[in-house]
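Here the structure is laid out as structure tokens; the discussion comes afterwards.
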2 protein chains.
Amino acid sequence: MDSRRLGELNEAAALGHLLERGPLTRGDLRELTGLAKPTASDVVRRLRAAGLVRVVGRTSRGRGPNAEVYAVDPDAAFAAAVSVRAKDSTLVTAVCDLAGEVRARTETPVDFAHADAAPAVHDAVRVAARRAGVALRRIGHVQLGVPGSVPEGAEVIHHVDVPGWGRPGVVAEIRKRLRTRVTADNDVNLAAVAERRHGIASGVDGFALLWLGEEGLGLAIDLGGTLLRGARGGAGEVGYMPVGLPPAGGVHDFHDLVSGSAVRDLARRHGIRSRTGHAAVTRAVSTATSEATGTAAGKTAGAAARTVDTAASTGAAADEFLDALAVRVAVGVAVVVAVLDPPLVVLAGEVGRAGGGTLATRVERALRELSVLHTEIATTGVREDAVVLGALDTSLASVRRRLTGLDP
Amino acid sequence: MDSRRLGELNEAAALGHLLERGPLTRGDLRELTGLAKPTASDVVRRLRAAGLVRVVGRTSRGRGPNAEVYAVDPDAAFAAAVSVRAKDSTLVTAVCDLAGEVRARTETPVDFAHADAAPAVHDAVRVAARRAGVALRRIGHVQLGVPGSVPEGAEVIHHVDVPGWGRPGVVAEIRKRLRTRVTADNDVNLAAVAERRHGIASGVDGFALLWLGEEGLGLAIDLGGTLLRGARGGAGEVGYMPVGLPPAGGVHDFHDLVSGSAVRDLARRHGIRSRTGHAAVTRAVSTATSEATGTAAGKTAGAAARTVDTAASTGAAADEFLDALAVRVAVGVAVVVAVLDPPLVVLAGEVGRAGGGTLATRVERALRELSVLHTEIATTGVREDAVVLGALDTSLASVRRRLTGLDP
DNA sequence: CCTGTTCGTTCAGGACGTGAACATTTGTTG
DNA sequence: CAACAAATGTTCACGTCCTGAACGAACAGG
């Protein structure tokens with residue numbers, strides 16, 4: 001540890017504050033870092049020389065000269081994210097600048113069965129970069145979101161349905177081609193990152209995100225901003241969680257209870273016929289909700305009447321279906337709460353989102369009857385593609401960490 | 001950040017290495033910290049002046065002058081631990097020096113119903129310190145181990161059976177009386193700390209410790225050395241974990257499956273009668289094991305014969321009982337593995353220890369049949385009182401952190 | 001226009017750290 | 001046994017970074 005290193009640390013601290021709190025004057029920086037006036041000037045000078053920070057204006061408050069306002073140069077670095085979507089065979093790619101502004105977003109259809117992963121990703125990123133007007137070289141990190149278990153640091157992805165992506169060394173190949181830092185993570189984990197940054201879990205100490213997808217079930221565990229991955233990246237593989245004792249027969253694991261098809265079948269048994277689970281839930285919620293808020297829905301009287309017409313007989317059925325589903329979900333949540341005690345559980349995925357507040361409330365109620373332990377339950381607050389959003393955040397965080405010297 | 005602070009950081013780094021790797025020469029220190037020769041000398045000088053480091057000898061390897069060997073002064077600071085044991089109404093107290101050497105260990109019977117917590121703990125620590133020949137003032141940290149949930153940083157303990165210990169502010173009162181840093185943690189968590197330092201989980205990335213106690217059930221989750229506590233300190237309250245679906249009736253939570261009395265009853269149903277669960281397991285293991293290793297047990301032929309005599313008819317019963325128990329335990333483990341994916345699950349507590357390798361093997365087998373996911377399962381490797389040992393480690397770690405300036 | 005504030009720079013000084021040179025000790029070797 | 005090689009630890013000159021105080025300059029308000 002050298003005096004030089006000391007300087008770097010101070011630079012990093014200042015840059016960190018600029019990244020987190022936006023434009024600042026030298027005075028602000030002085031206060032935040034605790035540095036002396038001349039030193040603050042020095043640090044800013046160095047950051048500007050490095051092309052990381054720019055003058056973006058001047059204050060005009062009070063008397064005395066107007067202080068210069070500094071901000072991180074958005075063009076100083078870029079980050080990219082790629083979401084591997086099995087369900088519609090596309091790579092969704094996004095590029096953002098150092099300020100977090102999304103510069104481009106593309107969707108590339110890929111025939112995973114016949115195309116190699118590495119060239120496909122390389123192409124997707126190249127196209128997105130071009131559209132963003134950014135040289136590929138300037139992208140500091142590419143974060144992949146994959147539907148599978150990704151062990152910490154390891155380069156193999158387990159339980160992937162996408163052909164070619166389960167092969168050892170995929171990530172390394174992609175890295176070699178892109179010549180950047182490339183990391184992969186489970187898509188539900190990335191959705192949780194988005195939930196923390198842009199969703200309902202922004203201020204929370206930690207939370208568990210239960211992904212009730214049409215094609216997959218998952219649990220992401222956020223502990224104060226870091227995700228729990230498990231030894232083989234298998235943390236949150238709740239689909240395999242046994243429910244019920246083995247000799248009892250019938251229901252065996254959580255997947256049998258709340259997978260897309262299980263939900264669809266449950267709905268069917270309550271007289272609600274749909275092609276997918278989340279469609280069934282959407283319909284059930286609309287009838288159940290319109291019943292409950294029927295009297296208050298003065299403005300949408302016409303719509304309400306129409307709904308009641310078609311659902312008159314199914315209103316009670318919808319209620320029963322939702323309650324039955326809530327109990328099933330609550331069984332899983334109860335286990336998670338007993339093991340992890342998260343302050344918040346977020347329901348996401350197609351089914352979770354379709355259930356909305358209606359389902360969340362019922363799950364919370366069911367949980368109270370099922371277990372002494374309880375916790376707050378909410379629905380996802382992320383509107384856009386949570387996986388891409390989360391991957392972009394993760395990617396950007398990595399770029400920032402390296403700029404601030406916290407990463408090698 | 002000042003030059004002074006830079007010096008402190010280097011001191012801290014050197015001290016840290018001395019604490020972790022034992023006695024070192026200036027040369028070793030130079031290599032480990034990357035400092036220049038004169039600076040290393042300087043750092044050592046400062047550490048010696050602060051009374052933290054002592055010369056403990058000289059090398060005599062190779063040519064050149066013999067280097068001085070430095071080590072942390074064991075008497076530079078002390079740490080204490082107190083285990084609150086409800087089952088036999090005692091406070092077990094231990095004091096160790098900065099090197100980790102236990103200097104004293106006492107057991108004080110306390111009538112929790114009539115004695116206040118703070119004075120009782122104060123007395124216990126005072127006595128232990130005197131026996132260790134250490135002034136109370138020199139004890140830098142007191143770590144309490146309590147059978148209850150302790151939220152991170154909060155001062156209330158939930159779900160405690162010990163009278164007076166559930167009252168808000170207990171920890172603060174104790175702190176006020178002892179005039180030191182005082183923290184409290186769940187006893188199972190502390191047992192996990194001991195498991196990592198002195199037990200079977202020494203080199204592992206992380207592990208889950210399933211405490212199968214006669215009077216309590218718990219799960220400690222170790223993630224690379226830090227323990228997961230949960231929002232309300234309720235992480236690992238697996239006793240409340242629901243097993244089976246609600247309408248199914250009968251078995252409701254994990255506690256009903258593997259608590260001490262549940263184990264005892266299960267044994268009884270297999271014809272093994274004991275007053276406690278772990279006694280039943282001990283007997284079952286001895287018969288089951290002697291059967292399996294009967295031929296190889298040449299030396300203890302007499303003992304084996306005796307065992308076979310009394311167990312001839314119960315050998316099969318013992319096997320069945322152990323397998324049934326293993327399945328029950330495996331249900332809980334399967335859930336933990338699905339949620340957390342730990343590289344290792346350690347069985348501890350009276351029942352877990354009684355089960356030994358025999359039970360661990362059977363649980364591992366049962367798990368394989370129950371779930372796709374699996375993990376290594378082992379029995380606790382801690383011989384002594386794990387709670388006190390873990391509390392002492394935690395306490396010492398806190399003292400060291402403060403010395404190295406990592407803690408405020 | 002003067003005055004009090006606030007911004008940013010200049011300046012002298014302090015704390016640390018570094019590399020090179022040097023004295024010193026100690027084992028090896030011819 | 002003397003010469004040599006290798007390792008230890010100190011001294012010295014110099015560099016980097018940070019600090020407090022003083023200073024000049026810009027700006028709002030009376």
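None of the values given here were measured: they were computed from a predicted structure. Each chain gets a letter, A, B and so on, in the order the sequences are listed, and its residues count up from 1.
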Using whole Å, what does the distance between atom [atom2] of nucleotide [N] and atom [atom1] of [X] come to?
X     : N      : atom1 : atom2 : result
A/E11 : D/dT16 : CD    : P     : 14 Å
B/E31 : D/dA7  : CD    : C1'   : 13 Å
A/R4  : D/dC14 : CZ    : P     : 16 Å
A/E8  : C/dC16 : CD    : C1'   : 16 Å

What I want to check is whether the side chains of [X] and [Y] have a donor and an acceptor closer together than 3.5 Å.
X      : Y      : answer
B/D42  : B/T39  : no
A/Y70  : A/R54  : no
B/T183 : B/H141 : yes

- Query: Looking at B/S41, does any N or O in its side chain come under 4.0 Å of the phosphate oxygens OP1/OP2 on D/dG9?
  - Reply: no
- Item | Single hit among A/R4, A/R46, A/R5 for salt bridge (charged side-chain N to carboxylate O under 4.0 Å, His left out) with A/E11 | A/R46
- Task: Could you list the residues that satisfy salt bridge (Lys or Arg N to Asp or Glu O under 4.0 Å) with B/R48, not counting sequence neighbours?
- Result: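 B/R48 satisfies salt bridge (Lys or Arg N to Asp or Glu O under 4.0 Å) with no other residue.
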- Query: Base, sugar-phosphate alone, or nothing: which one does B/D42 contact when heavy atoms must sit under 4.0 Å apart?
  - Reply: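 Counting heavy atoms under 4.0 Å across all strands, no contact is made by B/D42.
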With the criterion being N/O to N/O and under 3.5 Å, what pairs connect the protein with nucleotides 19-25 of chain C, and how long is each?
unit_1, atom_1, unit_2, atom_2, d
C/dT25, O2, B/P65, N, 3.2

- Using a heavy-atom distance cut-off of less than 4.0 Å, which residues of residues 15-26 of chain B contact DNA chain D? B/R26
